[in-house]
**Q** 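First the structure, which I've put down as structure tokens, then a few questions once you've had a look.
We're numbering straight along the sequence, starting at 1. Ligands are counted one by one from 1 in listed order, and the atoms in each one are counted from 1 as well.
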Amino acid sequence: MKALVEIKGLSVFHRHSKQEILKDISLTINKGEIVALVGASGSGKSLLAEAIFHILPSTMDYMGKMLLQNHRIEQSMNGKKIVLVPQSVNALDPLMKIGKQIQLFSHDVNRIKRILNQLQLTDNVMSKYPFQLSGGQARRILVATALISNASFIVADEPTPGLDEQARHEMLQLLKSIQSDDRALLMITHDFQAAQEIADKIAVLYQGEIVEVVNKIAFDKEGSKLVHPYTKALWKALPENYFSIKGTSYANS
Ligand SMILES: Nc1ncnc2c1ncn2[C@@H]1O[C@H](COP(=O)(O)OP(=O)(O)OP(=O)(O)O)[C@@H](O)[C@H]1O
Ligand code: NI
């Protein structure tokens with residue numbers, strides 16, 4: 001497989017204290033691959049995305065290499081070769097109608113329609129302002145803009161919260177469809193189940209370090225190939241494992 005994105009020895013730290021929040025992160029994302037980044041709240045998932053896009057908080061800095069097809073990732077690639085679906089729906093411009101915001105990424109009307117429909121959004125969202133959307137609709141618009149773009153690398157920071165079961169399913173299917181193009185996706189998520197559903201590999205971030213990269217194949221019924229205790233805990237917390245009856249216990253211990 002060909003590497004699309006390579007992150008090598010990335011550290012993110014506070015400028016003043018030099019305290020590291022992300023420590024020596026290395027991760028390769030191949031063409032056509034979906035990689036999920038999972039980890040607890042505050043473990044540094046969003047900062048990783050912010051480092052890639054050169055939008056770290058001004059009090060922070062990074063060291064290390066980030067490459068897209070062997071070229072250093074530059075801020076000028078944002079919204080073009082690489083697109084971030086930010087965690088906060090506040091990222092939508094409150095003063096610009098949705099249609100205009102989408103057209104910043106593409107003018108291909110058919111493509112726009114198809115993707116909006118796949119996300120259960122009707123054309124009339126185009127004439128609305130962000131404040132007229134529900135949280136779930138706003139999140140779907142953010143994802144739609146990324147999918148509508150021609151970016152080869154998409155990072156989606158928590159694309160599923162606030163969606164009902166049907167919308168969540170549609171969202172995951174649509175994210176998965178990126179695979180059929182020559183693109184790659186890094187999906188940042190709390191939702192281990194979503195990661196397991198669509199990702200080819202899952203990188204587990206724990207206290208600022210990637211402690212394990214799990215290939216899809218390791219998700220056998222027993223989760224026996226999982227190494228790190230944190231990954232095992234995430235796996236055990238999945239509903240299907242929590243309720244499976246093994247011997248006399250209810251949890252899969
Ligand atoms: N702008 C900022 N200024 C100072 N510290 C920050 C800033 N943004 C994040 N941090 C700190 O960096 C750490 C990692 O934050 P980050 O947002 O990357 O976590 P996360 O894994 O994305 O969490 P969540 O799942 O809640 O989104 C946290 O301890 C947070 O307090
Ligand atoms: Ni985050």
Side-chain angles (χ1 to χ4, degrees), residues 5 7-27 29 34-66 73 75 78-79 82-92 130 135-136 138-143 145-146 153-163 168 171-172 175 184-199 201-214 226 228-239:
V5 172
I7 298 170
K8 293 180 187 171
L10 175 73
S11 300
V12 171
F13 51 89
H14 289 282
R15 277 184 203 272
H16 286 293
S17 66
K18 306 283 178 221
Q19 187 206 349
E20 286 189 333
I21 302 164
L22 288 175
K23 298 161 201 161
D24 197 20
I25 302 285
S26 292
L27 187 63
I29 299 158
I34 297 180
V35 177
L37 180 71
V38 301
S41 183
S43 59
K45 303 183 297 297
S46 294
L47 286 181
L48 178 62
E50 290 165 18
I52 295 171
F53 287 83
H54 297 275
I55 52 167
L56 282 169
S58 58
T59 53
M60 295 192 190
D61 204 355
Y62 77 93
M63 267 172 36
K65 254 190 185 172
M66 297 178 285
I73 295 180
Q75 195 165 21
N78 293 7
I82 59 176
V83 169
L84 174 65
V85 180
Q87 182 164 8
S88 167
V89 293
N90 297 331
L92 288 168
R139 189 163 301 285
R140 279 176 281 161
I141 292 290
L142 282 175
V143 173
T145 55
F153 182 51
I154 296 174
V155 179
D157 195 352
E158 297 286 2
T160 55
L163 303 182
R168 176 181 173 280
M171 171 74 81
L172 291 177
L175 288 173
L185 170 70
L186 178 65
M187 178 173 72
I188 295 174
T189 184
H190 281 99
D191 186 346
F192 195 61
Q193 199 169 13
Q196 206 192 358
E197 270 177 61
I198 69 163
K201 60 192 191 197
I202 303 179
V204 182
L205 192 65
Y206 184 71
Q207 295 181 351
E209 290 178 73
I210 291 185
V211 292
E212 185 166 8
V213 179
V214 188
L226 305 178
H228 196 272
Y230 181 67
T231 320
K232 287 184 182 172
L234 287 173
W235 185 84
K236 275 190 196 166
L238 289 172

**Q** Kindly give the heavy-atom pair with the smallest separation between I154 and A146, and that separation in Å.
**A** CD1-O, 3.6 Å
**Q** Among G39, S46, G42, which one has a heavy atom closest to atom 13 (C) of ligand 1?
**A** G42
**Q** With 2.8 Å as the threshold, which protein atoms of type N, O or S lie near the Ni ion (ligand 2)? Leave waters out.
**A** S46 OG, Q87 OE1
**Q** Restricting to ring pair (Phe, Tyr, Trp, His ring centres under 6.0 Å), what partner residues turn up for F53, sequence neighbours left out?
**A** none
**Q** Give a yes or no on whether atom 10 (N) of ligand 1 lies under 4.0 Å from any heavy atom of the protein.
**A** yes
**Q** Please answer whether the main-chain N or O of L22 pairs with a side-chain N or O of Y62 as donor and acceptor at a distance below 3.5 Å.
**A** no
**Q** Please classify the H190 to ligand 1 contact at 4.0 Å (heavy-atom distances, strictly less than): side chain, backbone, both or neither.
**A** side chain
**Q** Output the list of atoms in ligand 1 that are nearer than 4.0 Å to some heavy atom of S41, sorted by atom number.
**A** 23 (O), 24 (P), 25 (O), 26 (O)
**Q** From atom 28 (C) of ligand 1, is the closest protein heavy-atom distance below 4.0 Å?
**A** yes
**Q** Is a side-chain N or O of K23 found less than 3.5 angstrom from the main chain of Q207, in a donor-acceptor match?
**A** yes
**Q** Checking a contact table here: which protein heavy atom is nearest atom 25 (O) of ligand 1, and how many Å away?
**A** K45 NZ, 2.7 Å
**Q** For T160 versus R139, what's the shortest heavy-atom pair and its separation?
**A** N-CD, 4.2 Å
**Q** Could you tell me which atoms of ligand 1, counted from 1 in the order shown, lie closer than 4.0 angstrom to a heavy atom of A40?
**A** 21 (O)
**Q** Pick one of side chain, backbone, both or neither for how P57 approaches ligand 1, counting any non-hydrogen atom pair under 4.0 Å.
**A** side chain
**Q** Taking only residues two or more places apart in sequence or in another chain, which ones pass side-chain hydrogen bond (donor to acceptor under 3.5 Å, both in side chains) with Q87?
**A** S46
**Q** What protein heavy atom lies closest to atom 18 (O) of ligand 1? Include the residue and the distance to one decimal.
**A** L47 N, 2.9 Å
**Q** Check L172 against I198 and note the closest heavy-atom contact, atom names and distance.
**A** O-CG2, 3.8 Å
**Q** What is the minimum heavy-atom distance between L27 and A203, and which atoms define it?
**A** CD1-CB, 4.0 Å
**Q** Spell out, as yes or no, whether a donor-acceptor pair under 3.5 Å connects the side chain of H228 to the backbone of I210.
**A** no
**Q** Sequence neighbours excluded and cut-off under 3.5 Å, please list the side-chain donor-acceptor pairs for residues 185-193, or say none.
**A**
from, atom 1, to, atom 2, distance (Å)
T189, OG1, D191, N, 2.7
H190, ND1, E158, OE2, 2.5
D191, OD1, Q193, N, 3.2
D191, OD1, A194, N, 2.9
D191, OD2, R168, NE, 3.1
D191, OD2, R168, NH2, 3.1

**Q** With distance as the sole test, does R15 use its side chain to make a donor-acceptor pair with the main-chain N or O of S58 at under 3.5 Å?
**A** yes
**Q** If I apply the N/O under 3.5 Å rule, does M60 come out as touching ligand 1?
**A** no
**Q** Counting only N and O atoms by type, is there a donor-acceptor contact under 3.5 Å from the side chain of T59 to the main-chain atoms of H14?
**A** no
**Q** Would you mind telling me if ligand 1 is within reach of the side chain of I21, the backbone, both or neither, using heavy atoms under 4.0 Å?
**A** side chain
**Q** What are the atoms of ligand 1, with element, lying closer than 4.0 Å to any heavy atom of G44?
**A** 14 (C), 16 (P), 18 (O), 19 (O), 20 (P), 21 (O)
